[in-house]
Q: 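Handing you a structure now.
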Number of protein chains: 2
Amino acid sequence: MSETTLPSAALLQRFQAVAEETRFEIVRRLSGGERCVCELQSDLDAAQSRLSFHLKKLKDAGVVSDRRDGRWVYYALVPGALEEMRAFLGEVKPEETWRAPRVSGDCCS
Amino acid sequence: MSETTLPSAALLQRFQAVAEETRFEIVRRLSGGERCVCELQSDLDAAQSRLSFHLKKLKDAGVVSDRRDGRWVYYALVPGALEEMRAFLGEVKPEETWRAPRVSGDCCS
DNA sequence: CCAACATATCAACGTTCGTTGATCGACGGA
DNA sequence: TCCGTCGATCAACGAACGTTGATATGTTGG
């Protein structure tokens, strides 16, 4: 196994970051380019402190980055962050070529 | 947009299902083929009712299916379930070809 | 330097979520 | 049919999480 892979805990943190409705929507809105906070605020009709809270979660998880430009702060998706989640999902395969059926009678100890 | 896509709420539910440590591990263990509950139980060193709780979450989200065989119940990944999550992540692009910088001064209303 | 604005942080609160132990239902073997 | 086993369900509990309103920090323009 060549390790370009994210540590498991960090990967889980990314899934947790995305798996919340508000943040899910933020990620959607960030698709295609950066947005400033106030823009997201009106788009999502979310209170300022609420948005700030969620953006921090996404940032801590490495999903987004922020950039200050004067009075405003712009958030953007971190290139590759979502790709690493995709990679995990891609490695998990529903079926194997073949899996021997359990020998009768002794599943558990 | 051709709609082979999962409704947004269902997709979010899948992310929520996977974004928890125990369930994250269950999904990992199910990679490559089905496993019976007691197998997972000893693998993950989890109490029986705890495991049952998490397997239900995964099942409700459409991530896994269950199959009874005599005394045992086997859980397996639903083919395509994780692919739909991958598809979402693939659609979300960090950068657009070009995004006009905001005209000076009037970000918010 | 002060006022107005954009954003972050904090404390308090309620809700949701995962854990545990107990009980129940289903199945198979003796 | 009775007993032992596998698994699901339930109620009670505590912990983690998201929301809100208030306050703090940083920036621009007058």
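Values in this document were obtained by computation on a predicted structure and should not be read as measured data. Lettering of chains follows the sequences in order, A, B, ..., and the numbering in each one begins at 1.
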Q: Answer yes or no: is there a donor N or O on one side and an acceptor on the other, between the side chain of A:R14 and the main chain of A:A61, under 3.5 Å?
A: yes
Q: I want to confirm an ordering. Mapping A:A19 and B:D66 to their closest nucleotides on DNA chain D, which one lands closer to the 5' end?
A: B:D66
Q: Do the side chains of B:L30 and B:V63 get nearer than 4.5 Å, heavy atoms only?
A: no
Q: Is the phosphate of D:dC6 approached by B:Y74 (side-chain N or O, under 4.0 Å from OP1 or OP2)?
A: no
Q: Under 4.5 Å between any side-chain heavy atoms of B:V73 and B:Y75, yes or no?
A: yes
Q: Which residues pass the side-chain hydrogen bond (donor to acceptor under 3.5 Å, both in side chains) test with B:D66, not counting sequence neighbours?
A: B:K59
Q: By salt bridge (charged side-chain N to carboxylate O under 4.0 Å, His left out), which residues pair with A:E83, not counting sequence neighbours?
A: A:R86
Q: Closer than 3.5 angstrom, by distance alone: can the side chain of A:S31 be matched with the main-chain N or O of B:K93 as a donor-acceptor pair?
A: yes
Q: In degrees, rounded to 10°, what is the bend between the two ends of the helix from C:dC1-D:dG30 to C:dA30-D:dT1, using five pairs at each?
A: 30°
Q: Return the value, rounded to whole Å, for the distance between atom CD of A:E21 and atom C1' of D:dT19.
A: 14 Å
Q: Distance check needed: D:dT19 C1' versus A:L55 CG, whole Å only.
A: 15 Å
Q: What class does the angle between the rings of A:F88 and A:F15 fall in, given that below 30° is parallel, 30 to 60° is tilted and above 60° is perpendicular?
A: perpendicular
Q: What does the B/S/- profile of nucleotides 11-21 of chain C look like, 5' to 3', with a 4.0 Å heavy-atom cutoff to protein?
A: -------BBBB
Q: Do B:V27 and B:V64 come within less than 4.5 Å of each other through their side chains, counting heavy atoms only?
A: no
Q: Please give me the minimum heavy-atom distance between A:A46 and A:R50, naming the atom from each residue.
A: CB-NH2, 3.5 Å
Q: side-chain contact (heavy atoms from CB on, under 4.5 Å) for B:W72 and B:V37? Distances and angles first, verdict last.
A: CA-CA 7 Å; B:W72 297 290; B:V37 174; over 6 Å; no
Q: To the nearest angstrom, how far is B:W72 atom CH2 from C:dA26 atom C1'?
A: 14 Å
Q: Roughly how many Å is it from CZ in B:R67 to C1' in C:dC27, rounded to a whole number?
A: 15 Å
Q: Do any N or O atoms of the protein come closer than 3.5 Å to N or O atoms of nucleotides 23-30 of chain D, and which pairs are they?
A:
none

Q: Please collect all salt bridge (charged side-chain N to carboxylate O under 4.0 Å, His left out) contacts where either partner lies in residues 21-30 of chain B, sequence neighbours excluded, each pair once.
A: B:E25-B:R28, B:E25-B:R29, B:R29-B:D43
Q: Measure the distance from NZ on B:K56 to P on D:dT9 and round it to the nearest whole Å.
A: 6 Å
Q: Starting from C1' on D:dG7, measure out to CZ on B:R35 and report it in whole angstrom.
A: 19 Å
Q: Just the rounded figure in Å: distance from P of D:dG18 to CG of A:L51.
A: 13 Å
